[in-house]
Novice: 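Okay, here's the structure, questions in a sec.
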Amino acid sequence: MSNPANASHNLVVLDMAGTTVADGGLVERAFERAAERLGVEPGTADHQAKLQYVRDTMGESKISVFRHLFGTEELARRANSAFEEAYGELVDGGLIAPVPGARETIEKFRADGRTVVLTTGFARVTQDAILDALGWLGLADLTLCPADAGGRGRPHPDMVLAAFLRTGAVDDVRDVVVAGDTAYDMVSGRRSGAAIVAGVLTGAHDRAVLTEHGATHVLGSIAELPQVLLESA
């Protein structure tokens with residue numbers, strides 16, 4: 001591999017669902033299945049309030065979301081297990097696809113000598129199911145879920161910092177690049193100290209929300225990120 005002329009921005013930390021992976025709203029569908037198993041009736045005010053919270057906290061560790069929604073650790077774990085099972089079934093049904101240009105973008109970064117890390121708020125079993133379904137096992141240098149970073153997902157910066165520490169790809173957190181589609185991706189990136197925190201418009205949140213939560217750039221898709229790094233070199 002050739003190294004970029006400028007050694008900065010050599011660690012690129014990318015979110016999965018909504019950023020590099022198009023899941024067509026499977027998070028909401030899987031949540032609805034899980035909530036129904038725990039007795040939350042579809043169409044009720046309780047169901048709508050819980051679903052809205054899921055939308056508002058896209059990008060956060062799912063077990064953390066369920067702890068907030070269901071109150072006890074036992075119920076949260078039951079909900080999380082039901083969610084992961086339902087999401088896995090939907091993934092196995094062929095209902096996910098790469099965001100156009102995502103694979104090529106990752107391959108370009110690596111060919112240029114950059115280190116690429118894929119992160120998610122899902123559990124490892126679900127993350128691996130997504131990677132396997134897409135034929136992406138081994139595509140990135142490293143993949144991380146909240147458990148790999150001590151258990152705290154976004155909006156905490158832990159996964160970005162774990163990528164920084166584990167890869168040793170850059171010497172300064174300001175040389176880390178973070179990209180994601182949610183407000184929590186932006187908050188996590190800014191808290192980590194990354195200088196480039198790019199929001200993409202292929203997922204959960206719009207330009208205003210991404211900007212409000214700290215995006216340094218807002219892109220149509222992840223395919224535009226290589227040009228941002230070229231211009232920032």
Novice: Residues in side chain to side chain donor-acceptor pair (under 3.5 Å) with R166, at least two apart?
Specialist: none
Novice: Find out if a path of hydrophobic residues (ILVMFWY) with successive side-chain heavy-atom gaps under 4.5 Å connects L90 to V54.
Specialist: yes
Novice: Distance check, rounded to the nearest 0.5 Å: C145 atom SG versus M16 atom CE?
Specialist: 10.5 Å
Novice: May I ask whether V170 and V178 are part of the same hydrophobic cluster, defined by side-chain heavy atoms of I, L, V, M, F, W, Y residues being less than 4.5 angstrom apart, directly or through others?
Specialist: yes
Novice: Establish whether V27 and Y53 are linked, either directly or via other cluster members, by ILVMFWY side-chain heavy-atom contacts under 4.5 Å.
Specialist: yes
Novice: Assess whether a salt bridge exists between E85 and R33, defined as any Lys/Arg side-chain N lying under 4.0 Å from an Asp/Glu carboxylate O.
Specialist: no
Novice: Can you measure from CG (L69) to OG (S64) and round to the nearest 0.5 angstrom?
Specialist: 11.0 Å
Novice: Below 4.5 Å, heavy atoms only, C-beta onward: do S221 and L201 meet side chain to side chain?
Specialist: no
Novice: Could you check if a side-chain atom of R114 sits within less than 4.5 angstrom of a side-chain atom of V177, using non-hydrogen atoms only?
Specialist: no
Novice: So do D148 and M159 actually touch side chain to side chain, heavy atoms under 4.5 Å?
Specialist: no
Novice: What distance do H205 atom NE2 and E212 atom CD have between them, rounded to the nearest 0.5 Å?
Specialist: 10.5 Å
Novice: Please tell me if the side chains of V12 and T115 come closer than 4.5 Å, counting only heavy atoms from C-beta onward.
Specialist: no
Novice: Would you tabulate the side-chain donor-acceptor contacts of residues 99-106 under 3.5 Å, counting partners in other chains and residues two or more places apart, or write 'none'?
Specialist:
unit_1: R103; atom_1: NE; unit_2: E107; atom_2: OE2; d: 3.0
unit_1: R103; atom_1: NH1; unit_2: G135; atom_2: O; d: 3.3
unit_1: T105; atom_1: OG1; unit_2: G101; atom_2: O; d: 2.7

Novice: What about L137 and L134, same hydrophobic cluster or not, with Ile/Leu/Val/Met/Phe/Trp/Tyr joined at side-chain heavy-atom distances under 4.5 Å?
Specialist: yes
Novice: So, for V209 and H213, which heavy atoms are closest and what is the spacing to 0.1 Å?
Specialist: O-ND1, 2.9 Å
Novice: Report the distance from atom OG of S81 to atom NZ of K62, rounding to the nearest 0.5 Å.
Specialist: 14.5 Å
Novice: Would you compute the distance between atom CG of D112 and atom CG of L229 and round it to the nearest 0.5 angstrom?
Specialist: 9.5 Å
Novice: Between Q127 (side chain) and L144 (backbone), is there a donor-acceptor pair under 3.5 Å?
Specialist: yes
Novice: Does a side-chain heavy-atom distance below 4.5 Å link F70 with V40?
Specialist: yes
Novice: Which donor-acceptor pairs under 3.5 Å do the side chains of residues 184-191 make with protein atoms, sequence neighbours left out?
Specialist:
unit_1: D185; atom_1: OD1; unit_2: R154; atom_2: NE; d: 2.8
unit_1: D185; atom_1: OD2; unit_2: D181; atom_2: N; d: 3.0
unit_1: D185; atom_1: OD2; unit_2: T182; atom_2: N; d: 3.0
unit_1: D185; atom_1: OD2; unit_2: T182; atom_2: OG1; d: 2.8
unit_1: S188; atom_1: OG; unit_2: H156; atom_2: O; d: 3.0
unit_1: R190; atom_1: NH1; unit_2: G214; atom_2: O; d: 2.6
unit_1: R191; atom_1: NH1; unit_2: P155; atom_2: O; d: 3.3

Novice: Which atom pair, heavy atoms only, marks the closest approach of V116 to F109?
Specialist: CG2-CB, 3.6 Å
Novice: For the residue pair S232 and H9, establish whether any side-chain heavy-atom pair is separated by less than 4.5 Å.
Specialist: yes
Novice: Group every Ile, Leu, Val, Met, Phe, Trp and Tyr by side-chain heavy-atom contacts under 4.5 Å, then state whether F66 and L38 land in the same group.
Specialist: yes
Novice: Taking atom CG of D172 as the centre, does the number of heavy atoms from other residues, nucleotides or ligands within less than 6.0 Å exceed 12?
Specialist: yes
Novice: In this structure, is the centre-to-centre distance between the rings of F83 and F31 below 6.0 Å?
Specialist: no
Novice: What I'd like to find out is whether the side chain of L131 reaches to under 4.5 Å of the side chain of T143, using heavy atoms alone.
Specialist: yes
Novice: Quick check: are there more than 12 heavy atoms from other residues, nucleotides or ligands sitting under 6.0 Å from CZ of R55?
Specialist: yes
Novice: Check whether any side-chain heavy atom of R67 lies under 4.5 Å from a side-chain heavy atom of R77, and answer yes or no.
Specialist: yes
